[in-house]
Amino acid sequence: TSASTPVVAGIFAMVNSQRLQAGKPPMGFLNPFIYKHPSAFQDVQSGRNDAGTKYGFAAIEGWDAATGHGTPDYQAIAKAAMEIVA
């Protein structure tokens, strides 16, 4: 998360900038958008975050505790974000 959080924040900052330039409001609370647009993320379907221990989570198809919805696809996020009004 120490690397991914700033990257995802940067992606949504760029998307909000595009929205503001188009006269649209910033997106605000992102969870509803993310859950409505899972195709804007590349689903990670294999791997574990257990660091070689018996504890952790497996990546599976769809949302999972290890990867959430997956890795963000900037083009898909921007397209979906520009199509919504609020």
Side-chain angles (χ1 to χ4, degrees):
T1 59
S2 62
S4 61
T5 300
V7 170
V8 173
I11 287 170
F12 280 103
M14 289 173 40
V15 168
N16 272 332
S17 178
Q18 289 178 336
R19 287 180 55 82
L20 291 170
Q21 289 175 13
K24 296 182 179 199
M27 296 180 70
F29 185 60
L30 295 172
N31 286 9
F33 172 83
I34 291 169
Y35 278 89
K36 287 179 184 174
H37 299 92
S39 62
F41 296 81
Q42 297 172 6
D43 189 15
V44 178
Q45 299 180 9
S46 64
R48 293 186 58 81
N49 70 346
D50 58 16
T53 70
K54 64 180 181 177
Y55 304 104
F57 300 96
I60 59 172
E61 184 175 347
W63 186 93
D64 57 71
T67 65
H69 282 289
T71 58
D73 178 337
Y74 174 77
Q75 296 297 331
I77 289 172
K79 182 177 185 297
M82 292 306 287
E83 291 173 351
I84 61 173
V85 176

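As the structure is a prediction and not an experimental result, all values here were calculated from the model. The analysis underlying the following values was restricted to heavy atoms, covering all of them including side chains, and did not include hydrogens, waters or symmetry mates.
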Open item on the list: To check you understand the geometry: which heavy-atom pair defines the closest contact between Ala58 and Arg48, and what is its length?
Closed with: CB-NH1, 3.4 Å

Open item on the list: Taking salt bridge (charged side-chain N to carboxylate O under 4.0 Å, His left out) as the cut-off, I'd like each qualifying pair that reaches into residues 23-43, sequence neighbours left out, listed once.
Closed with: none

TODO: Would you name the heavy atoms of Val15 and Ala81 that are closest together and state the gap between them?
DONE: CG1-CB, 3.3 Å

TODO: Taking side-chain hydrogen bond (donor to acceptor under 3.5 Å, both in side chains) as the test, write out the residues that go with Gln75, two or more places apart.
DONE: none

Task: Path from Phe41 to Ile60 over hydrophobic side-chain contacts below 4.5 Å - done: no

Open item on the list: So, using side-chain contact (heavy atoms from CB on, under 4.5 Å) as the criterion, who are the partners of Leu30 when residues are at least two apart?
Closed with: Phe12, Met27, Ile34

TODO: For Tyr35, check ring pair (Phe, Tyr, Trp, His ring centres under 6.0 Å) against everything at least two apart and list the hits.
DONE: His69

TODO: Scan for salt bridge (charged side-chain N to carboxylate O under 4.0 Å, His left out) pairs involving residues 51-73, sequence neighbours excluded, and state none if there are none.
DONE: none

Open item on the list: Quick check: closest heavy atoms across Ala76 and Ser39, and the distance to 0.1 Å?
Closed with: CB-O, 4.3 Å

- [ ] Report the hydrophobic cluster partners of Met82, with the cluster defined as I, L, V, M, F, W, Y residues connected by side-chain heavy atoms closer than 4.5 angstrom, directly or transitively.
- [x] none

Open item on the list: A side-chain contact here means heavy atoms from C-beta on lying under 4.5 Å apart; do Lys79 and Glu83 qualify?
Closed with: yes

Task: Verify same cluster id: Leu20, Ile77 (apolar side-chain graph, 4.5 Å) - done: no

Task: Sequence-distant partners of Thr71, side-chain contact (heavy atoms from CB on, under 4.5 Å), two or more places apart - done: Gln42, Val44

Open item on the list: If the condition is side-chain contact (heavy atoms from CB on, under 4.5 Å), which residues does Phe57 pass it with, not counting sequence neighbours?
Closed with: Asn49, Ala65, Ala66

Open item on the list: Could you work out, with side-chain contact (heavy atoms from CB on, under 4.5 Å) as the rule, every residue matching Ser46, not counting sequence neighbours?
Closed with: none

Open item on the list: Are Arg19 and Asn16 packed together at the side-chain level, in the sense that at least one heavy-atom pair is separated by less than 4.5 angstrom?
Closed with: yes

